[in-house]
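Counting convention: from 1, in listed order, for ligands and their atoms alike. Quick note: residue numbers are just sequence positions, from 1.
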Amino acid sequence: MMSKRGQLVIYSGPSGVGKGTLLAPLLGPDSGLVLSVSATTRSPREGEIDGVHYHFISRESFEQMIADGEMLEYTQYNGNYYGTPKRFVEQQRDAGFDVILEIEVDGAMQVSKLCPDALMIFIMPPSFGELRRRLVDRGTETPAQREGRLTAAVREIACAPRYDFVIVNDELSTARQQLLSAISAGRTLPRFQQNKIEEVLKDAQTSHD
Ligand code: 5GP
């Protein structure tokens, strides 16, 4: 059992920016980092596995979880619910793991209000044209759905200044290195060190030769 409670890492960026690809190699049994599996009412894309990529659930089940207070945050995005089940996040943090929430900006703002010490990282595309190209290449959305996601992207990118770190996902290995550095640097932000600061100041009152 690790002694320190894990930190919460909010990880956002517009659809198609490559958040999953960037993050995947950083997860793993020895990384100390786990990804929270969200619940959603959208249908699985080809290759997506229930319980791994998302918990794919019905609107009724989702609304029941909201009513039962089981969601840390939730939102509606392009006509579907997306939310973070609270229990898993708490269990993992208590066990000392850092937990990554890959969520859009509305959810991110809800979590940062509830957990002001959460670390916030935003992934930016190198340009809007490149974001559009990546979404087209991915080919998982209809043109209308894609336009919806690009409209949401503008709003999301406008929220980037509210994050602690903004990483441009141009060259993959550089962006991945920056993501690792940001997670590590996050532990040294004053708001994570509040207990340590208080502890040392308290010690100063009683310490003498
Ligand atoms: P997608 O349908 O492409 O998997 O996800 C659409 C958007 O919903 C992405 O920006 C993704 O980060 C976000 N998202 C995924 N899970 C959650 C969640 O649990 N809560 C919130 N607020 N957003 C989520």
Side-chain angles (χ1 to χ4, degrees), residues 8-24 26-27 34-59 61-66 68-90 92-93 99-115 118-125 128 131-160 162-163 165-167 169 175 179:
L8 199 54
V9 182
I10 297 171
Y11 181 63
S12 304
S15 178
V17 77
K19 299 186 291 289
T21 313
L22 200 53
L23 183 63
L26 308 186
L27 303 168
V34 292
L35 180 65
S36 152
V37 180
S38 297
T40 184
T41 59
R42 86 150 160 75
S43 329
R45 293 186 192 125
E46 202 167 315
E48 282 185 334
I49 301 162
D50 187 32
V52 175
H53 297 93
Y54 280 105
H55 300 289
F56 294 101
I57 64 177
S58 65
R59 286 192 87 82
S61 304
F62 200 106
E63 284 168 356
Q64 192 59 53
M65 286 184 78
I66 299 172
D68 294 342
E70 289 179 28
M71 291 297 184
L72 176 62
E73 60 73 38
Y74 69 93
T75 195
Q76 296 216 39
Y77 175 92
N78 271 2
N80 284 301
Y81 277 121
Y82 292 80
T84 306
K86 212 183 268 178
R87 195 182 307 139
F88 177 84
V89 173
E90 291 307 314
Q92 298 296 315
R93 290 186 74 196
V99 180
I100 293 229
L101 309 183
E102 189 187 317
I103 59 179
E104 53 64 67
V105 295
D106 288 335
M109 297 310 145
Q110 293 175 45
V111 176
S112 99
K113 255 200 202 124
L114 281 170
C115 315
L119 173 66
M120 301 180 70
I121 301 175
F122 191 91
I123 309 300
M124 280 284 283
F128 203 77
L131 181 68
R132 182 184 293 276
R133 259 191 304 281
R134 288 181 191 177
L135 266 181
V136 171
D137 289 349
R138 184 166 88 178
T140 47
E141 280 82 26
T142 64
Q145 285 169 337
R146 194 160 62 228
E147 285 315 307
R149 281 170 183 254
L150 286 168
T151 303
V154 175
R155 219 190 111 238
E156 297 193 81
I157 292 166
C159 292
R162 296 160 81 169
Y163 284 68
F165 295 98
V166 176
I167 296 171
N169 187 17
L179 177 56

D68 and K86: salt bridge (charged side-chain N to carboxylate O under 4.0 Å, His left out), yes or no, with the steps?
CA-CA 11 Å; D68 294 342; K86 212 183 268 178; over 6 Å; no
Once rounded to the nearest 0.5 Å, what's the spacing between atom NZ of K19 and atom CZ of F122?
8.0 Å
At less than 4.0 angstrom from any non-hydrogen atom of R42, what atoms of ligand 1 do you find?
1 (P), 2 (O), 4 (O)
Checking heavy atoms under 4.0 Å, the part of Y54 that sits near ligand 1 is side chain
R149 heavy atoms, cut-off 4.0 Å: which ligand 1 atoms fall inside?
1 (P), 2 (O), 3 (O), 6 (C)
Relative to the heavy atoms of G107, which atoms of ligand 1 are at a distance of less than 4.0 Å?
22 (N)
Does R45 have a non-hydrogen atom less than 4.0 Å from ligand 1?
yes
Near G83, which atoms of ligand 1 are under 4.0 Å from a heavy atom of that residue?
18 (C), 19 (O), 20 (N)
Just do the side-chain hydrogen bond (donor to acceptor under 3.5 Å, both in side chains) check on S15 and R138 with the steps written out, would you?
CA-CA 11 Å; S15 178; R138 184 166 88 178; 3.3 Å; yes
Of M71, K19, E102, E73, which has the heavy atom at the shortest distance from atom 14 (N) of ligand 1?
E102
Please determine, by modelled atom types, if R42 and T40 share a side-chain donor-acceptor pair under 3.5 angstrom.
no
Which ligand 1 atoms does T75 reach within 4.0 Å, using its non-hydrogen atoms?
22 (N)
Taking atom OH of Y11 as the centre, report whether more than 12 heavy atoms of other residues, nucleotides or ligands fall under 6.0 Å from it.
yes
Closest to atom 16 (N) of ligand 1 (heavy atoms only, candidates S12, S38, P85) is S38
Going by the 4.0 angstrom heavy-atom rule, the piece of Q145 near ligand 1 is neither
For ligand 1, indicate whether the residue Y77 contacts it via side chain, backbone, both or neither (heavy-atom separation under 4.0 Å).
side chain
What's the shortest distance from atom 10 (O) of ligand 1 to any protein heavy atom, and which residue and atom give it?
E104 CB, 3.7 Å
Within a 6.0 Å radius of atom CZ on R59, are there more than 12 heavy atoms belonging to other residues, nucleotides or ligands?
yes
Checking R93 now: which residues fulfil salt bridge (Lys or Arg N to Asp or Glu O under 4.0 Å) with it, not counting sequence neighbours?
none
Are E156 and R149 within salt-bridge range, i.e. N to O under 4.0 Å?
no
Looking only at heavy atoms of D106, does any of them come nearer than 4.0 Å to an atom of ligand 1?
no
Report the relative orientation of the aromatic rings in Y77 and Y82; use parallel for angles under 30°, tilted for 30 to 60°, perpendicular for over 60°.
perpendicular
Tell me whether Y82 has any N or O atom under 3.5 angstrom from an N or O of ligand 1.
yes
